[in-house]
Amino acid sequence: MHTYKYDPKVFFVKITVTAGFCVLIFAYAILHLVMGDMPILWGATAIVSGYFVWESFVSIANPSKVEVNDSGIIFSAYGREHRYNWEEVRRFKCKPLASGTKMFVRINEAGIFRGRYWVNCYYYSDGEELFKFLYNKEIEIDPEGLKARAVKSSQNAKNLKTRKIQKNTAKRK
């Protein structure tokens, strides 16, 4: 089993402190909603802050640890974990973000309680390895998917270009 751990200090500041602050904002927004103050503003504030609290503490969408082995993958945070056996995984989608280090992972029928994870590989131990693993796992699970076809097409284009260069080099000699 390989374990990838989010840097604890960074996790505390970026996720735990932010979620704790959102708890306060959520409570403040609910108080103002009950008092009838600007319901649209405080309603929107309650939704946004409540969503971040839910994602952090209920659905553990920001895991502090990712464990991978031959039988499955485990996402965990705050003493809770979501386990997936590879035999049970029918759908595994990874969406890398523009930064190239953060990835949105969806497993099976992802919903509001489990199956959606933000994995910021930059802050994980062996993060580059984790990023490559997740990216390649999608191709392995869905070899006929769009990402797999794009990778195959890219490899075919590289092979064609290499053959063309070799052919031109051979002609010059």
Side-chain angles (χ1 to χ4, degrees), residues 1-69 71-86 88-138 141-142 146-147:
M1 177 174 293
H2 195 109
T3 302
Y4 303 93
K5 292 183 179 179
Y6 204 113
D7 181 321
K9 292 175 187 172
V10 177
F11 185 81
F12 178 75
V13 172
K14 286 179 116 0
I15 307 300
T16 306
V17 169
T18 304
F21 185 65
C22 283
V23 168
L24 297 175
I25 292 172
F26 181 76
Y28 191 72
I30 295 299
L31 175 69
H32 278 277
L33 278 171
V34 169
M35 293 186 329
D37 292 344
M38 297 184 278
I40 294 174
L41 172 68
W42 291 113
T45 302
I47 289 169
V48 171
S49 59
Y51 178 76
F52 192 82
V53 170
W54 182 274
E55 289 264 301
S56 298
F57 298 129
V58 177
S59 69
I60 58 172
N62 297 294
S64 61
K65 185 169 59 171
V66 178
E67 297 175 75
V68 177
N69 62 29
S71 62
I73 188 167
I74 303 168
F75 296 93
S76 57
Y78 305 114
R80 298 180 51 235
E81 62 183 34
H82 293 167
R83 291 177 175 266
Y84 300 93
N85 291 324
W86 293 127
E88 298 169 356
V89 175
R90 298 171 310 285
R91 189 167 179 234
F92 191 89
K93 298 291 180 188
C94 298
K95 182 178 181 182
L97 300 180
S99 66
T101 60
K102 192 170 188 176
M103 188 174 283
F104 184 60
V105 178
R106 290 172 297 166
I107 299 176
N108 290 339
E109 307 309 317
I112 62 170
F113 290 101
R114 61 182 280 145
R116 301 176 313 132
Y117 306 97
W118 291 100
V119 182
N120 193 343
C121 297
Y122 181 78
Y123 296 112
Y124 282 85
S125 56
D126 299 323
E128 191 173 319
E129 178 184 309
L130 174 60
F131 187 91
K132 288 176 184 176
F133 173 82
L134 294 171
Y135 187 88
N136 291 326
K137 195 65 175 178
E138 177 181 350
I141 289 174
D142 186 10
L146 185 60
K147 189 175 287 174

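What's counted below: heavy atoms across the whole structure, side chains too, no hydrogens, waters or symmetry copies. Along the sequence shown, residues carry numbers from 1.
Listed by chain and number, the residues in a ring pair (Phe, Tyr, Trp, His ring centres under 6.0 Å) with Y78 are F11, F57 (sequence neighbours excluded). Considering only residues two or more places apart in sequence or on other chains, F104 meets the side-chain contact (heavy atoms from CB on, under 4.5 Å) condition with K95, R106, R116, W118. Take F131 and apply the ring pair (Phe, Tyr, Trp, His ring centres under 6.0 Å) test, not counting sequence neighbours, and it matches no residue. Under the rule for a ring pair (Phe, Tyr, Trp, His ring centres under 6.0 Å), F52 has no partner lying at least two apart in sequence or in another chain. Applying the ring pair (Phe, Tyr, Trp, His ring centres under 6.0 Å) rule to F75 yields the partners Y117; only residues at least two apart in sequence or on another chain are considered.
What you find for E88 and N108 is that their closest heavy atoms are O-ND2, 3.3 Å. Contact record, V10 with Y6: CG1-CE2, 3.8 Å, taken as the closest heavy-atom pair. Heavy-atom minimum distance, G115 versus A110: O-CB, 3.3 Å. The minimum heavy-atom distance between I141 and R90, with the atom names listed, is CG2-O, 4.2 Å.
Distance CD1/I107 to NZ/K93: 12.5 Å, rounded to 0.5 Å. The line from OH of Y123 to NZ of K102 is 9.0 Å long, rounded to the nearest 0.5 Å. Taking OG from S71 and OH from Y84, the interatomic distance works out to 15.0 Å, rounded to the nearest 0.5 Å. To the nearest 0.5 Å, atom CD1 of residue I112 and atom CD of residue E55 are 10.0 Å apart. A distance of 9.0 Å separates CZ of R91 from CD of E138, quoted to the nearest 0.5 Å. If you take OG1 on T16 and CG on N62, they are separated by 9.5 Å, rounding to the nearest 0.5 Å.
The 12-atom threshold is not exceeded at NZ of K5, counting heavy atoms of other residues, nucleotides or ligands nearer than 6.0 Å.
Considering L134, I73, T3 as possible partners of V68, the one that fulfils the side chain to side chain contact (heavy atoms under 4.5 Å, CB included) test is I73. Remark: of the listed residues E67, K65, E129, E129 is the sole one forming a side chain to side chain donor-acceptor pair (under 3.5 Å) with Y4. No option in V66, D126, L130, N69 other than D126 meets the side chain to side chain contact (heavy atoms under 4.5 Å, CB included) test with H2.
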Side-chain polar contacts of residues 20-43 - donor-acceptor pairs under 3.5 angstrom, sequence neighbours left out - could you list them?
{"residue": "Y28", "atom": "OH", "partner": "H32", "partner atom": "NE2", "Å": "3.1"}
{"residue": "H32", "atom": "ND1", "partner": "D37", "partner atom": "OD2", "Å": "2.9"}

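Side-chain atoms of R80 come within 3.5 Å of backbone N or O of V58 as a donor-acceptor pair. Of the possible polar contacts, none joining the S76 side chain to the P63 backbone as a donor-acceptor pair under 3.5 Å is found.
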